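Below: the structure, in structure tokens.
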Amino acid sequence: MEKNIKKVTPVEYELEIEATPEDLAEEILSQLRAQRSRTVLKGFRKGKVPLSLVKKLYGRELAFGVAERSVQQSYEETVVKPGEHDVLGHPKITVLDYEMDGPLRAVIRFGVRPEFEIKFPKRESISKLIHVVTDEEVDHELEHLRESEAELVPVTGPVGAEDFVVADVQTVDASTGMPLIGQRRESATFYLGDERLKDEFKQPLVGASPGSTVRVTIPKSEESEAGGPTVYDITINEIKRKELPDLDDEFASNVSRGRQETVEGLRAEVRERLQKNWDQRSSELLETTVVEKIVALNPIGVPESVVDMYLDAFVEDLRKNGEVELPADFDEEAYRERRREDAVQQARWMLIKDKLVGDEGMEVTEEDRAGFFDRSASEGGVSPEMLRQYYQSIGGLTERLDQRLLTEKVIAFLSDKFKLVEKDRKAFEKELEKQAKKNKKK
């Protein structure tokens, strides 16, 4: 058997395999004999079927199995075991030319980790969002908390623009005004403050009283089967209105589950939470910018096997995490093509990060993990040790944590290579808008 490795690109190699019929004959004969011992045919005792008949019945399938195993074994012995190539992703058989009792020719393409030196920015500036939470934002969040704790109380009317209406809804014929059989909903609830509710439906109800019937006409739309308007008779059964709790110390204690005893304490807690959210957003935006910049500076070659690995992950995430089931005619190939550049960019970032971790000797220490557990425990109301046990109890979770902490180290290292320009929310959002327009023109 002849085996030869050749370089196709700086990150792609091919293993060419050629075998004569004699190279495979012994293993094929062994498989035929094993099959013979298992074969039961009428007129023959088990294991006594002529080998020529076994070959006629099962030979082609067995021979192809031998050929495929021979190719896989050759790859293991020639590429994997010597360890001379830093293989990335999964190898792919691009050629498999074989017929039973004939020669075998196969080609396996595999990707390798590229050799490169990381290029760092020179005197380049990037923006960092700095936002200090305002009193108005705290007030808005407190109102949201009051909304979430509000009770719905019945009112005698008339209907207000922000009320809940419980009503019977009867669809009627647009031309005759007669009710349509089978098209009646009882005790349906509508929140008139819902922005998704059409004005043509909402406005006739405002000002109506319980017990009254209001005719509502929705102009011609896609919802109308005959292409004309849709008409409803809506009989109002009940009107409910939100009653917000007072913003007092009792509310502060209830909504904070006893953590705060006063309104001022609640305000401080809300301010701290909002500030943490903004700081987290700033950190995530900075990470995204740093990654984009460093990847653009290092357009290294990426093996197709790695690109395919990321595309496979995109498709799998789509299948698992999609809010709706993928349609039967989902064009996976078209989707993969659309996401290809994303896969290439993520693969480049992975290679750059791995290179940087190795060059700088970065590692995650027990002190790093302890710091994470301390920070997260204080936010979640559990002890650091309980959080640690949780991570250790779920397979792979600690490893994912280590990767996250390692990424944070890499981002911190790379951020120091840029000049960070702090910008407030207004200036930062203006810059994002300008960049979005620029990208749209490309």
Side-chain angles (χ1 to χ4, degrees), residues 128-154 162-164 191 193-195 240-288 321 323 364-409 411-412 422-426 428-429:
K128 180 178 182 181
L129 171 65
I130 299 296
H131 179 70
V132 178
V133 173
T134 65
D135 290 341
E136 290 76 14
E137 288 175 284
V138 175
D139 290 340
H140 183 271
E141 182 63 17
L142 288 173
E143 283 303 301
H144 177 71
L145 288 174
R146 291 179 69 203
E147 287 272 355
S148 67
E149 296 294 315
E151 294 183 3
L152 290 179
V153 296
E162 296 290 323
D163 286 347
F164 289 80
Y191 172 49
D194 189 340
E195 295 180 354
K240 294 182 179 181
R241 191 167 294 163
K242 284 184 179 180
E243 187 175 90
L244 275 61
D246 292 333
L247 184 58
D248 54 19
D249 292 347
E250 181 181 0
F251 171 78
S253 178
N254 290 337
V255 80
S256 68
R257 297 182 180 179
R259 294 188 303 274
Q260 305 299 332
E261 297 180 353
T262 65
V263 173
E264 287 308 306
L266 179 61
R267 291 184 67 89
E269 181 179 286
V270 167
R271 185 183 298 276
E272 181 181 6
R273 173 165 54 80
L274 292 176
Q275 190 63 58
K276 283 182 178 179
N277 290 342
W278 275 106
D279 293 345
Q280 178 65 26
R281 182 185 177 192
S282 173
S283 177
E284 291 172 353
L285 288 168
L286 179 62
E287 178 176 330
T288 297
N321 304 326
E323 294 182 1
V364 176
T365 65
E366 188 55 40
E367 184 179 354
D368 295 328
R369 298 187 192 96
F372 169 82
F373 291 132
D374 286 342
R375 293 190 303 272
S376 301
S378 64
E379 297 171 2
V382 298
S383 70
E385 187 56 34
M386 284 180 63
L387 195 57
R388 181 189 295 274
Q389 291 175 4
Y390 171 75
Y391 270 74
Q392 292 174 345
S393 67
I394 300 179
L397 199 55
T398 300
E399 289 74 12
R400 290 199 291 274
L401 170 61
D402 284 357
Q403 284 300 312
R404 180 62 242 173
L405 295 175
L406 201 56
T407 298
E408 290 178 0
K409 289 176 180 280
I411 294 298
E422 296 184 349
K423 293 188 176 181
D424 61 24
R425 180 180 177 182
K426 184 177 181 180
F428 190 86
E429 290 178 348

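Excluded from the calculations below are hydrogen atoms, water molecules and symmetry mates; all remaining heavy atoms, backbone and side chain alike, are included. A quick note: this is a predicted structure, and the numbers were derived from the prediction, not measured.
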What class does the angle between the rings of Tyr191 and Phe164 fall in, given that below 30° is parallel, 30 to 60° is tilted and above 60° is perpendicular? parallel
When you measure from the side chain of Ser282 to the backbone of Ile130, do you find a donor-acceptor pair of N or O atoms at a distance under 3.5 Å? no
Would you say the side chains of Glu399 and Gln403 form a donor-acceptor pair under 3.5 Å? no
Are the side chain of Arg271 and the backbone N or O of Val133 linked by a donor-acceptor pair below 3.5 Å? yes
Can you sort out the partners of Gln275 under side chain to side chain donor-acceptor pair (under 3.5 Å), two or more places apart, ordered by chain and number? Asp279
4.5 Å side-chain heavy-atom contact, Trp278 and Glu137: yes
Should we count CD of Glu151 as having more than 12 external heavy atoms under 6.0 Å? no
CD of Glu366: more than 12 outside heavy atoms within 6.0 angstrom? yes
Atom of Ser256, atom of Leu266 and distance for their closest heavy-atom approach: CB-CD1, 4.4 Å
Does Glu287 pair with Arg404 as a salt bridge, N-O distance under 4.0 Å? yes
Roughly how far apart are Tyr391 OH and Thr398 OG1, rounded to 0.5 Å? 8.5 Å
Is there side-chain contact between Leu142 and Leu145, with at least one heavy-atom pair below 4.5 Å? yes
What residue pairs, at least two apart or across chains, pass salt bridge (Lys or Arg N to Asp or Glu O under 4.0 Å) with a residue in residues 245-258? none
For Ala377 against Pro384, the heavy-atom pair lying closest together: CB-N, 3.5 Å
Side chains of Glu429 and Leu129: closer than 4.5 Å at any heavy-atom pair? no
Tell me if a side-chain donor or acceptor on Asp368 pairs with a main-chain N or O of Thr365 at a distance below 3.5 Å. yes
Under 4.0 Å between a Lys/Arg side-chain N and an Asp/Glu carboxylate O for Arg146 and Glu143? yes
Carboxylate-amine/guanidinium contact Lys242 Glu162, below 4.0 Å: no
Side-chain contact, heavy-atom cut-off 4.5 Å: His131 with Arg281? no
Atom CD of residue position Gln389 - does it have more than 12 heavy atoms of other residues, nucleotides or ligands inside 6.0 Å? yes
Answer yes or no: is there a donor N or O on one side and an acceptor on the other, between the side chain of Ser393 and the main chain of Tyr390, under 3.5 Å? yes
Nearest-0.5 Å distance that lies between atom CG in Leu401 and atom CD in Gln392: 10.5 Å
For Phe428, enumerate each residue passing the ring pair (Phe, Tyr, Trp, His ring centres under 6.0 Å) test, keeping only those at least two apart in sequence or located in another chain. none
Give a yes or no on whether Lys128 atom NZ has more than 12 heavy-atom contacts from other residues, nucleotides or ligands under 6.0 Å away. no
Do Leu274 and Val270 make a side-chain contact, defined as non-hydrogen atoms from C-beta onward lying under 4.5 Å apart? yes
State the CZ-CD distance between Arg267 and Glu264, to the nearest 0.5 angstrom. 6.0 Å
Starting at CG of Leu286, measure out to CD of Glu284 and round the result to the nearest 0.5 Å. 11.0 Å
Return the OG1 to NE2 distance between Thr134 and His140, rounded to the nearest 0.5 Å. 10.5 Å
